[in-house]
Structure formats: structure tokens, C-alpha cells
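The chains referred to below are lettered A, B, ... by the order of the sequence lines, with proteins before strands, and numbering in each begins at 1.
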Protein chains: 2
Amino acid sequence: MITVNILGTGNVAWHLLRFVENHPFLHLQGWYGRKMAFKINHKNIFCDDISYLNEASVTIIAVSDDAIAELSSQLCIENQLVVHTSGSKSMDVLDSKNRKGVFYPLQSFSKNKPVDFSTIPIAIETECEKDVLFLKEFSKLFSTNVIEINSKQRLSLHISAVFANNFVNLMYQKAYQLCQENNMEFEILIPLIQETATKIKTINPVEAQTGPAKRKDLKTIALHQDFLKESNFLEVYNFLTKELL
Amino acid sequence: MITVNILGTGNVAWHLLRFVENHPFLHLQGWYGRKMAFKINHKNIFCDDISYLNEASVTIIAVSDDAIAELSSQLCIENQLVVHTSGSKSMDVLDSKNRKGVFYPLQSFSKNKPVDFSTIPIAIETECEKDVLFLKEFSKLFSTNVIEINSKQRLSLHISAVFANNFVNLMYQKAYQLCQENNMEFEILIPLIQETATKIKTINPVEAQTGPAKRKDLKTIALHQDFLKESNFLEVYNFLTKELL
């Protein structure tokens with residue numbers, strides 16, 4: 001049996017706990033948090049004292065970036081595989097008394113909204129060569145899409161995700177607000193949004209670019225700018241249009 | 001039989017011609033362009049002299065924004081329903097000798113890539129009250145999603161589409177380039193991109209916002225900025241992060 005410790009009570013921890021509890025190969029051995037923020041099936045294994053955690057095949061620290069280093073140093077186990085789940089933090093922030101690793105699921109998790117782990121890419125990294133195979137096979141229990149990358153690549157991947165998710169959603173927000181201000185339903189944009197996200201599965205986004213800025217249609221841009229004048233949309237419109245021109 | 005004239009040889013015209021040719025209620029009566037840029041089934045109806053166009057139930061001017069006004073004035077028919085397909089241009093740019101209207105399909109068309117018109121929202125507008133019902137029913141032959149909006153709303157919808165499509169795709173470009181520069185496949189971001197686009201079907205984008213800027217995680221932002229320093233990504237990263245903070 002593969003035994004798993006999980007540290008954390010946030011969204012990632014919630015999804016990992018659910019998965020581990022329900023996988024026939026995995027045994028949830030310990031769960032640590034400051035308080036039991038939600039219920040799980042095996043709630044009696046919860047502890048708010050980190051020294052209660054025993055050795056496990058893998059110990060997953062799924063807490064906020066800033067808490068990783070300190071928690072890893074407080075662990076009372078030694079020479080075990082201990083991984084964090086952060087996109088930004090280097091593997092090196094983990095305490096050296098255990099064998100370091102990273103298990104980074106590339107998805108924006110919301111608590112209480114089940115995800116299909118099988119489609120979520122997982123980026124892994126290990127300090128010791130001997131842990132690569134274990135962590136890879138462990139990750140493949142979760143996902144069909146497991147890649148091995150180093151900390152620098154992972155940080156760049158995390159930044160890419162900021163562009164592809166956070167900033168994209170900010171654009172959705174702007175579109176939403178514009179629709180609201182002009183008495184139209186945002187829903188009318190949904191097919192276009194879906195098509196935009198689908199297109200780049202088959203065409204790379206450099207080739208997929210369209211619109212007035214791309215075709216240097218300065219008259220349409222001027223029409224848009226005139227419509228947006230004195231609104232708080234104009235600055236973003238101008239900045240990103242300049243990027244595309 | 002409902003007769004249709006189509007003016008133009010661009011992407012929108014191509015899709016409209018295909019649709020009209022294949023619909024049992026519709027008869028493609030005339031097609032005008034400077035030259036026959038592609039083949040259609042009834043290619044003998046093509047004309048490069050606008051005076052050859054006869055009266056039709058609806059005449060659709062599907063040309064670039066700047067050419068709409070002049071072409072509409074060159075038409076030799078009178079008191080007919082003449083519509084343009086532009087998102088930005090006011091209905092008023094059409095010549096007054098005919099009854100004005102707008103038929104604006106909200107999608108980013110690529111030639112040779114068939115689209116399912118039924119899911120594409122169509123925004124309509126008419127000058128004469130008596131044309132509303134006809135243009136609405138005509139549009140419903142194409143799409144299940146027909147809305148009646150005025151020229152000002154349509155312009156704001158077009159700008160919303162710039163945010164939701166053009167600027168979103170620019171963000172995909174940035175993510176693509178970052179992946180390339182760090183030897184990773186862009187494909188790894190596809191599930192996140194799909195999830196981001198799917199989420200806003202059920203949660204409005206203001207609530208769906210996540211990421212370091214949203215949670216005011218200045219340490220992660222500093223890590224990102226340090227990674228991007230001296231790159232051409234930094235300015236966009238900083239600008240949009242500031243928008244979200």
C-alpha cells in the first residue's frame with residue numbers, strides 16, 4: 001500500500017484528500033492542519049500537532065507558499081520523500097532532512113467543486129534520482145499528463161498560467177462590465193469565448209490572432225477609443241492594442 | 001422563396017454564401033464582388049458590376065467597414081431591405097434610398113473552416129419597424145441566439161468582443177512564448193485554458209478571478225517580476241497585475 005500524508009486545509013489539500021481517500025492503491029495515513037476546516041471520511045486521522053505525522057511513502061505539503069519552508073522544518077520524520085505543491089516556490093525551500101520533491105497540479109482549484117484530476121497536468125521534480133520513478137507513477141494515478149520539469153521551468157509555467165488564466169479572466173471581467181453598462185447579457189459572448197479557447201488547440205495563438213489591432217484597422221480602433229473615452233476601460237484598451245499593433 | 005443578395009468576398013461573405021446556398025427556404029439571387037475570390041455552387045450568379053444586382057428580400061453587404069457606405073450608395077435597387085454585417089459601424093452609414101438594417105454575427109470567422117451558425121449570436125437592428133419581424137425570422141434561420149440591439153449597444157458589444165477574443169488571445173500568445181522560451185509545450189496549458197473559459201458559464205468573471213494579484217500575494221508577484229526582469233513580458237505583467245491589485 002502506498003501511504004500518504006497531507007498537510008494543509010486549503011483548496012488543493014481538499015482535492016488531494018478526496019482523491020487519496022477514494023483511490024484503491026492509496027492509504028491516507030495522516031492529515032495535518034491548524035484546524036479541521038472541512039470534513040473527510042477518515043476524519044479521525046486529522047491532527048493539529050505536526051509531530052503526530054508518521055513516515056509515509058510520500059508527504060505532501062499543500063499549504064500557502066510562505067508556510068512551506070517552516071512546516072517542512074517542523075516535520076519529525078527524516079529521510080522521507082516530502083513534496084510541496086507550489087508553482088512558484090523552488091524545491092530548495094524544503095528542509096534538507098527529508099528527500100525533496102515537487103508535485104504541482106496545474107489547475108485553478110475551487111473548494112467544493114470536484115475536478116477531474118485525470119485531465120490536470122502535473123509537473124514533478126525530485127532531488128534524488130531514485131524518487132523520480134516513484135513520484136512519476138504516483139502522479140500518474142492522478143493524471144494522464146505528468147511532466148518532469150525543473151524549478152525554473154515550473155516558475156515560468158506558473159507565470160504562463162497567470163497570463164492564460166488570471167489575465168484572461170480579467171479580460172472576461174472587462175467584457176462583462178461593458179455588457180452590463182450597455183444593458184446586454186454577458187452570455188451573448190460565451191460562444192465567442194468558447195471558440196477562442198478551442199481554436200488554440202489546433203492553431204497556435206500567434207496565428208490565431210485576429211481583430212482591428214492585428215489588421216492595423218486604425219479607423220475601427222479610433223471608433224472604439226471614442227466610445228470608451230472617459231471610461232476606465234480606455235487605458236487597458238490602449239495598452240493592449242499597442243501591444244498588438 | 002426568400003431571395004438573398006450578398007456583397008463581398010471575405011470570410012463573412014464566404015460563410016453566408018455557403019449557408020444561403022444550402023438552406024431550403026433561401027435562394028441566393030446575386031453575389032457581387034470585385035473578383036470571384038472563391039468558388040460556390042451557383043458561380044454563374046457572380047457579378048463584378050453592382051448594377052446587375054436585382055431586388056431581393058434582403059441584400060447583405062458583408063464587406064470591410066470602410067467600403068459599406070460607398071457600396072450601399074452604388075446599389076441600383078431602391079426601397080429594399082439592405083443590411084450590413086459590421087460590429088462597429090452605425091446603421092446610418094447605409095445609403096438612405098434603401099431600408100437600412102444590420103445583421104451582425106458575433107464570431108471570429110476563418111475562411112475554409114466551417115462554423116455552426118446555430119450557436120453564433122446574431123445582433124440585428126432595423127430602421128423601419130416593419131422590417132424587424134422579417135430580419136428576426138431570417139436571422140433565426142441561421143441561429144438560435146438572435147438579439148435586437150441598437151448601434152451604440154452593438155459598438156459596445158464589438159469592443160467587449162475585442163476584450164473577450166482579441167486580448168484574450170494576446171494573453172494566450174504571451175503564455176505560448178513563455179513556454180517556448182523555457183522549453184515546455186504550450187499544450188500543457190490547454191486544460192487550464194479550457195477550464196477558465198468554461199468556469200464563466202456558471203460563475204460571473206468577477207467572482208471567478210483567482211491568482212496572486214487577486215489575493216494580494218506580493219511575494220509571489222515579486223518572484224514573477226524577478227523572473228521576467230529584462231524580458232518583454234514584464235511591462236504587460238506589471239500593467240495587468242496593477243489592474244487586478
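Applying the 6.0 Å contact sphere to CZ of Arg34(A) captures no more than 12 heavy atoms from other residues, nucleotides or ligands.
At a 4.5 Å heavy-atom cutoff, the contact between Thr210(B) and chain A is made by backbone and side-chain atoms alike. With a 4.5 angstrom heavy-atom cutoff, Leu240(B) touches chain A via backbone and side-chain atoms both. Only the side chain of Ile147(B) comes within less than 4.5 Å of a heavy atom of chain A; its backbone N, CA, C and O stay farther away. Of the two parts of Ile190(B), only the side chain, counted from C-beta on, holds a non-hydrogen atom closer than 4.5 Å to a non-hydrogen atom of chain A. If you measure heavy-atom distances from Ser64(B) to chain A, you find no contacts under 4.5 Å at all. In this structure, the portions of Val236(B) lying under 4.5 Å from any heavy atom of chain A include both its backbone and its side chain. Both the backbone and the side chain of Lys201(B) have a heavy atom closer than 4.5 Å to some heavy atom of chain A. Proximity to chain A is absent for every atom of Lys214(B), based on heavy atoms less than 4.5 angstrom apart. Residue contact with chain A, scored on non-hydrogen atoms closer than 4.5 Å, involves the side chain of Val162(B) exclusively. For Asn165(B), the parts lying under 4.5 angstrom from a heavy atom of chain A are both the backbone and the side chain.
For Lys219(A) and Asp66(B), the salt-bridge test passes: some basic side-chain N is under 4.0 Å from an acidic carboxylate O.
Listed by first then second residue, pairs satisfying salt bridge (Lys or Arg N to Asp or Glu O under 4.0 Å) with a partner in residues 131-141 of chain B read Arg99(B)-Asp131(B), Lys136(B)-Glu148(B), Glu137(B)-Lys140(B), not counting sequence neighbours.
With sequence neighbours excluded, no residue forms a side-chain hydrogen bond (donor to acceptor under 3.5 Å, both in side chains) with Glu235(B).
Among Phe227(A), Phe163(A), Phe239(A), the residue making the largest number of heavy-atom pairs under 4.5 Å with chain B is Phe239(A).
The stretch residues 167-176 of chain A places Phe167(A), Val168(A), Asn169(A), Leu170(A), Met171(A), Tyr172(A), Gln173(A), Lys174(A), Ala175(A), Tyr176(A) near chain B, each with some heavy atom under 4.5 Å from a heavy atom of that chain. Scanning residues 179-188 of chain A against chain B with a 4.5 Å non-hydrogen threshold yields Cys179(A), Asn182(A), Asn183(A), Met184(A), Phe186(A), Ile188(A), sorted by number.
Contact record, Leu155(B) with His224(A): CD1-CD2, 3.7 Å, taken as the closest heavy-atom pair. Across all their heavy atoms, Ile193(B) and Ala197(A) have their closest contact at CG2-CB, 4.0 Å.
Contact check for Leu106(A) versus Pro191(B): no side-chain heavy atoms found under the 4.5 Å cut-off. Side-chain atoms of Leu192(B) and Gln107(A), non-hydrogen and from C-beta on, do get closer than 4.5 Å to each other.
Distance check, rounded to the nearest 0.5 Å: CD1 of Ile159(A) to CD1 of Ile221(B) gives 11.5 Å. Taking CD of Gln153(B) as the reference point, atom CG of Leu178(A) lies at 12.0 Å (rounded to 0.5 Å).
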